[in-house]
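First up is the structure itself, then whatever we jot down about it.
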2 protein chains.
Amino acid sequence: MGDAARKAREVGVVGDATLRGFLGYHIKRAMAVLQADLNKVLKPFGLRMVTYSALVTIVDNPGLRQAQLADALAIERPNLVVILDELEGAGLITRDKVPSDRRAYALNPTLKGRRLAEQATAANRADEARLLQGLAPADRNRVIEVMNQIEHGPGGAQS
Amino acid sequence: MGDAARKAREVGVVGDATLRGFLGYHIKRAMAVLQADLNKVLKPFGLRMVTYSALVTIVDNPGLRQAQLADALAIERPNLVVILDELEGAGLITRDKVPSDRRAYALNPTLKGRRLAEQATAANRADEARLLQGLAPADRNRVIEVMNQIEHGPGGAQS
DNA sequence: TCACATAGATATGAAGTATAACTATTATTA
DNA sequence: TAATAATAGTTATACTTCATATCTATGTGA
């Protein structure tokens, strides 16, 4: 480390050259911005990131069971309970007894839930478009491909 | 939603089409994999993600103050204290009194700390290379550009 | 000198996340 | 069929992460 770097630090600049060498570091920093931003957009709807994800997944998959939802969202079952309590308490979903298995509950959105999900999704789309303005669709798709490779392994194998 | 989707759910498949429409959702899922993977790689070194980031930043910027490090890592000052306690207790860094300001501590890596940082960085690089195998350097750079746009806003302005 | 700002530390609380164990049902099998 | 095991959802609990307020010692500026 040279004098320039030492001097820069004295006026408040700290280098992160080594960390910048990792793709994961860039992704982590971007993710922090995305998460803060998303929660700000969702706040007026009374939703957080997890409650939004849960609601949208229930709207997309009406009738699914809690264990299935927990799997899809990578949430532990006990933690999902309070999230669903919140959505049910807000009148956005119902827990309906399923006749064929009296242990289970089928999760269904209410009309209010479907409408709120639609509005929140529109708001999120608008916000993401703002964050990504000027980004070519091809580049966006490329990024998605890379994220999927990271998630599922090279070649896109589903693990 | 059609019969096919309803049938698929019965055998355990839950769709996330709406969420997949968000770049942030893909990034979040990739980040979860990266974080789990990174922590696994760091475990043999006795490090976690935050302690590794802190150690590397101290190695790259010897003599920096705690407040500077907290800023660089976007960690609150009180939370950084325990992280540094951990690194200092492991003999990886020292908190040295700075003569010009007796309130402050200059953070410096020990030889052991520098060596551990070097080894951990090498391990992380190897692991990230494994996760990203087959990814063209141009694509990797494109992803980094997009992450920086998300973090700093369009045009790469530093906010 | 006196008021105020800053560096680091301590205490504390909120939120997210993970595990064990309970109730009620369903499935298995001896 | 009776006994056993497995499953869905829940409760209780603890651990980690993250944020805020406050304290001390020290430094800065009117």
Side-chain angles (χ1 to χ4, degrees), chain A residues 9-12 14 28-29 31-33 35-36 38-40 42-43 46-54 58 63-89 93-108, chain B residues 9-12 14 28-29 31-33 35-36 38-40 42-43 46-54 58 63-89 93-108:
Chain A
R9 189 175 343 107
E10 279 164 16
V11 295
V14 175
K28 178 176 164 55
R29 294 189 74 105
M31 190 61 220
V33 171
Q35 177 147 353
L38 180 56
N39 278 321
K40 189 155 39 172
L42 289 176
K43 192 150 201 175
L47 296 170
R48 292 168 295 138
M49 235 177 72
V50 274
T51 52
Y52 170 73
S53 303
I58 293 168
L64 88 171
R65 315 291 179 79
Q66 295 190 193
Q68 290 178 304
L69 181 57
D71 266 16
L73 300 180
I75 293 175
E76 296 304 315
R77 262 81 72 168
N79 297 327
L80 182 60
V81 172
V82 301
I83 293 169
L84 295 180
D85 286 350
E86 197 176 321
L87 291 175
E88 192 181 29
I93 65 161
T94 56
R95 285 193 249 223
D96 305 322
K97 292 207 181 266
V98 10
S100 60
D101 187 343
R102 288 181 303 173
R103 296 168 301 179
Y105 289 105
L107 302 173
N108 286 295
Chain B
R9 187 172 348 104
E10 278 164 19
V11 296
V14 175
K28 179 178 164 53
R29 294 190 73 105
M31 191 62 220
V33 171
Q35 178 147 354
L38 180 57
N39 278 323
K40 190 155 41 173
L42 288 175
K43 192 150 201 175
L47 295 170
R48 291 168 296 138
M49 236 177 72
V50 275
T51 53
Y52 169 73
S53 302
I58 293 167
L64 87 170
R65 313 293 179 77
Q66 293 189 196
Q68 291 179 303
L69 182 56
D71 266 17
L73 300 180
I75 294 174
E76 296 304 315
R77 266 69 63 113
N79 298 326
L80 183 60
V81 171
V82 301
I83 293 169
L84 295 179
D85 286 349
E86 197 176 321
L87 291 175
E88 191 181 30
I93 65 161
T94 55
R95 284 193 250 223
D96 305 322
K97 291 205 181 268
V98 11
S100 59
D101 186 343
R102 288 181 303 174
R103 296 169 303 180
Y105 289 105
L107 302 173
N108 286 294

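Each chain gets a letter, A, B and so on, in the order its sequence line appears, and its residues count up from 1. Note that these values count all heavy atoms, side chains included, but never hydrogens, waters or copies made by symmetry.
- For A:R48 and C:dG16, the shortest distance from a side-chain N or O to OP1 or OP2 is below 4.0 Å.
- In this structure, the NZ atom of B:K43 is 13 Å from the C1' atom of D:dT16, given to the nearest Å.
- Whole-Å rounding puts the B:M49 CE to D:dC18 C1' distance at 14 Å.
- B:Q35 places no side-chain N or O within 3.5 Å of a backbone atom of B:A32 that could act as its donor or acceptor partner.
- Looking at residues two or more places apart in sequence or on another chain, you find a side chain to side chain contact (heavy atoms under 4.5 Å, CB included) between B:L38 and B:L42, B:M49, B:N124.
- Here D:dA6 presents its P atom at 20 Å from CZ of A:R65, a figure rounded to the nearest Å.
- Residues A:L84 and A:I58 have side chains in contact (heavy-atom distance under 4.5 Å, counting atoms from C-beta outward).
- The phosphate of C:dA7 (OP1 or OP2) has no side-chain N or O of B:Q68 nearer than 4.0 angstrom.
- Atom pair A:K97:NZ and D:dA8:P shows a separation of 15 Å (rounding to whole Å applied).
- Listed by chain and number, the residues in a side-chain hydrogen bond (donor to acceptor under 3.5 Å, both in side chains) with B:D96 are B:T94, B:N108 (sequence neighbours excluded).
- Computed from coordinates, the B:Y105 OH to D:dT24 P distance equals 16 Å when rounded to whole Å.
- Residue A:A104 is the one, among A:D85 and A:A104, whose nearest nucleotide of DNA chain D lies closer to the 5' end (criterion: closest heavy atom).
- B:E86 places its CD atom 9 Å from the P atom of D:dT17, with the value rounded to the nearest Å.
- Sorted by first then second residue, the side chain to side chain donor-acceptor pair (under 3.5 Å) pairs that include residues 98-107 of chain B, not counting sequence neighbours, are B:D101-B:R103.
- For A:D71, the side-chain hydrogen bond (donor to acceptor under 3.5 Å, both in side chains) test picks out A:R77, with sequence neighbours left out.
- Note: CD (A:Q35) to P (C:dA15) measures 14 Å, nearest angstrom.
- Rounded to whole Å, the distance from CG on A:L84 to P on D:dA8 is 15 Å.
- Taking the side-chain hydrogen bond (donor to acceptor under 3.5 Å, both in side chains) definition, one finds that B:D85 meets it with B:R95, sequence neighbours left out.
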Pick out the pairs of N or O atoms, protein on one side and nucleotides 18-20 of chain C on the other, that lie under 3.5 Å.
{"residue": "C:dA18", "atom": "N7", "partner": "A:N79", "partner atom": "OD1", "Å": "3.3"}
{"residue": "C:dA18", "atom": "N7", "partner": "A:N79", "partner atom": "ND2", "Å": "2.9"}
{"residue": "C:dA18", "atom": "N6", "partner": "A:N79", "partner atom": "OD1", "Å": "3.1"}

Please produce a list of atom pairs where a protein N or O lies less than 3.5 Å from an N or O of nucleotides 27-29 of chain D.
{"residue": "D:dG27", "atom": "OP1", "partner": "B:R102", "partner atom": "N", "Å": "2.9"}
{"residue": "D:dG27", "atom": "OP2", "partner": "B:R102", "partner atom": "NH2", "Å": "3.1"}

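- Side-chain contact between B:V81 and B:Q66: present, with at least one pair of heavy atoms (C-beta onward) separated by less than 4.5 Å.
- In this structure B:A72 satisfies the side chain to side chain contact (heavy atoms under 4.5 Å, CB included) test together with A:V14, sequence neighbours excluded.
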